[in-house]
Amino acid sequence: MNQALLDEVATLQTIRDAVEQVSVGRVFGAPIHQDGLTVVPVAKIGGGGGAGGGVESVQDHDDASGTGGGFGLAAKPLGVFVVGNGKVRWRPAVDVNKIILGGQVVAVTALLVVRAIVKARAGCGGDLRAAGHRPAMRSMARFLARTR
């Protein structure tokens, strides 16, 4: 066999091995039994891959060639199923980083709104009922009336 065919066979075997790794056994972990309860961990598995190649002859008769490839897998814990006393309960995994990021987004938004209100008040001497701000005051009054 020539070297190119051996390389293709090795590449296909590598892809086959990677695909076999993404299985139900990877999504649902091994059950854990303790104190009459069974806990089954659950994860989200994702993957992707790609490859490329090419051969082109350049004008100065240098042979050009190129190949490349890659494969990636990612796993994220989702939570656990707790089985016991004839009931099944779902306990989600808490992603603290997402909670902190969400809090930061809310805080920045609140600061920007407060800054806009302070600038608006400073621009009209603190009296939002000035002629230029009457439409804004009306829409704000309608909004407040709906939220009460």
Side-chain angles (χ1 to χ4, degrees), residues 1-56 63-124 126-130 132-148:
M1 276 197 233
N2 65 19
Q3 186 61 35
L5 185 57
L6 289 174
D7 289 343
E8 287 179 15
V9 169
T11 301
L12 288 174
Q13 183 60 41
T14 302
I15 292 171
R16 187 176 297 118
D17 292 342
V19 169
E20 288 174 0
Q21 292 297 317
V22 182
S23 66
V24 172
R26 301 284 183 218
V27 174
F28 295 99
I32 302 166
H33 306 282
Q34 186 172 354
D35 298 331
L37 295 176
T38 303
V39 177
V40 181
V42 180
K44 178 180 180 182
I45 306 289
V55 176
E56 183 177 328
D63 289 331
S65 66
T67 60
F71 192 82
L73 291 174
K76 176 185 170 190
L78 294 180
V80 296
F81 285 109
V82 180
V83 182
N85 300 329
K87 296 180 181 177
V88 177
R89 291 171 286 169
W90 170 252
R91 299 285 184 225
V94 177
D95 190 351
V96 177
N97 290 332
K98 282 188 178 179
I99 293 170
I100 291 172
L101 181 63
Q104 290 173 340
V105 167
V106 168
V108 167
T109 303
L111 289 173
L112 290 173
V113 168
V114 168
R115 177 178 170 251
I117 291 171
V118 168
K119 285 179 87 173
R121 284 188 173 215
C124 63
D127 184 14
L128 288 177
R129 291 173 292 196
H133 294 284
R134 283 195 183 122
M137 287 300 294
R138 281 191 216 109
S139 64
M140 187 183 295
R142 282 192 298 261
F143 172 76
L144 291 174
R146 282 185 291 193
T147 58
R148 290 183 186 174

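Below, each value reflects all heavy atoms present in this structure, side chains not excepted, and no hydrogens, waters or symmetry copies.
Within the model, atoms CG of L37 and CG of N85 stand 7.0 Å from one another, a figure rounded to the nearest 0.5 Å.
Residues satisfying the side-chain hydrogen bond (donor to acceptor under 3.5 Å, both in side chains) test with Q13, not counting sequence neighbours, are R16, D17. Taking the side-chain contact (heavy atoms from CB on, under 4.5 Å) definition, one finds that L111 meets it with nothing, sequence neighbours left out.
In plain terms, the two heavy atoms of V80 and P41 that are nearest each other are CG1-CA, 3.7 Å. In this structure, W90 and V42 approach most closely via the heavy-atom pair CZ3-CG2, 3.8 Å.
Just one residue in the list L112, V118, I117 forms a side chain to side chain contact (heavy atoms under 4.5 Å, CB included) with V114, and that residue is V118.
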